[in-house]
Amino acid sequence: MRRNNIVLLLIIIAFLGGCKSKNNVVPLLIYNDADPYMEEFRDNILERTPDEYSIEAYDSQNSQIIQNEFIENLLKEEPPVMIINPVDRLGAYTIVLKAKEVNVPVIFINREPLEEDLYLWDQVYYVGAPAERSAELQSEIIMELFGDSNALGVNDLNGDNIIQVILLKGEQGHQDAETRTEVVMNELETNGYEVEILVIEIANWKTSEGYEAMMELLPIYGEQLELVISNNDAMAIGAIQALMELEYFQDLDNDGFIDHETEPWIPVVGIDGITEALELITSGYLYGTVINDSESMAEAIIELTTAIINGDDVNTISYILIDNKYIWVDYKKYVLDEN
Ligand code: GAL
């Protein structure tokens, strides 16, 4: 009898334990683990997970089909909330409807769903950074570098008072790629800078594509080139690899640092502030970047997740939740002189 009781107790404990872990695991679906910015973003979220629950990350491998399969299976386990970095932001519509059906709140991150999809249900949120602002800050870095728009400084290599640019664009249709490209150009022009776009090349946020694009473009446009504007750091790093290989950068004294006064270089500006980019700024290869603050976004995501799990008012967290939907985290400029 006594033994039976113990067995029963063990079964109950195992059952409760099972339920607890099941309901306490928050899935985090990343669109593609091969994206270095998202990799850092994911780690920033995981590192901040409080003891009360755990977060399990999934790699959607840049496929909305794979992501949808994950979501369908995970929803059956009734997680308390899901954090989703959609592969295709238009995929959010279906995701919201499915989550709503089983009453699982969704926090979208980084790839902004359409407004109407976010408003399909009141338990859907978006945490991101305002793309426009990153381009404004990127244009400020460029303006500070080139100086007076009526009399550009030494970086106007041919002295024609026009900045000759190659622009590397992120994934077509992504809110950040479209807005950053448009706004950086508009900002420069409205501030009186004349810019000649030699070419805009789509390199899908990737270092490899940035490198390949530049290896093709440099033999054609290299002599005119005065500035590379990249929608993100990963593509900027690819551009730098090509510029190094074709000797646009030359570390003449081999000290591991490009001296902008005395050694050949071409300004490259990125966005994100990933670790490798910050290192390249320190060594003078990347001129500047705009920090896409995934540490603060991770904090906001964790606070929101915790509030949802505890049933607290989501408006009491330390980040402003606009219209019960949006949390916006600002960008920051980063160049060598200022740091
Ligand atoms: C952007 C970021 C890119 C890329 C993209 C993925 O915000 O700047 O580097 O990671 O998100 O959606």
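Atoms within each ligand, like the ligands themselves, are counted from 1 in listed order.
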How does His174 reach ligand 1, by side chain, by backbone, by both or by neither, if only non-hydrogen atoms under 4.0 Å count?
side chain
Is it true that Gln64 and Gln67 share a donor-acceptor pair across their side chains at a distance under 3.5 Å?
yes
Taking 4.0 angstrom as the limit and counting only heavy atoms of Tyr37, give me the atoms of ligand 1 inside it, by number and element.
2 (C), 9 (O), 10 (O)
Met297 and Ile109: CA distance, side-chain angles, deciding distance, side-chain contact (heavy atoms from CB on, under 4.5 Å) verdict
CA-CA 9 Å; Met297 281 186 264; Ile109 61 167; over 6 Å; no
Below 4.0 angstrom from a heavy atom of Arg111, which ligand 1 atoms are there? Numbered from 1 as shown, please.
6 (C), 12 (O)
Is it the case that ligand 1 has an N or O less than 3.5 angstrom from some N or O of Asn85?
no
Distance-only side-chain donor-acceptor flag, Asn204 / Glu209, under 3.5 Å:
yes
Is it the case that the ring center of Trp328 lies less than 6.0 angstrom away from the ring center of Tyr319?
no
Have Tyr285 and Glu279 got a donor and an acceptor in their side chains that come within less than 3.5 Å?
no
Any heavy atom of Arg180 under 4.0 Å from ligand 1? The part involved is side chain
If we number the atoms of ligand 1 from 1 as shown, the ones under 4.0 Å from a heavy atom of Asn110 are 1 (C), 6 (C), 7 (O), 11 (O), 12 (O)
Numbering as shown, the atoms of ligand 1 that approach Asp272 to under 4.0 Å (heavy-atom distance):
2 (C), 3 (C), 8 (O), 9 (O)
I'd like to know if Ile271 contacts ligand 1, where contact means a heavy-atom distance under 4.0 Å to any ligand atom.
no
Output the list of atoms in ligand 1 that are nearer than 4.0 Å to some heavy atom of Asn292, sorted by atom number.
2 (C), 7 (O), 8 (O)
Phe108/Tyr126 under ring-ring contact (aromatic ring centres under 6.0 Å, His included): CA gap, chis, key distance, verdict
CA-CA 5 Å; Phe108 287 107; Tyr126 177 69; 7.8 Å; no
Per-atom contacts of ligand 1 with Tyr31, taking only distances under 4.0 Å to non-hydrogen atoms:
6 (C), 12 (O)
Donor-acceptor contact present, side-chain Glu263 to main-chain Asp253, <3.5 Å:
yes
For Asn324 and Asp122, does a side-chain donor sit closer than 3.5 Å to a side-chain acceptor?
no
Between the candidates Ile109, Val87, Asp35, which shows the shortest non-hydrogen contact distance to atom 10 (O) of ligand 1?
Asp35
Polar proximity ligand 1 side, Asp176 side, N/O cut 3.5 Å exclusive:
yes
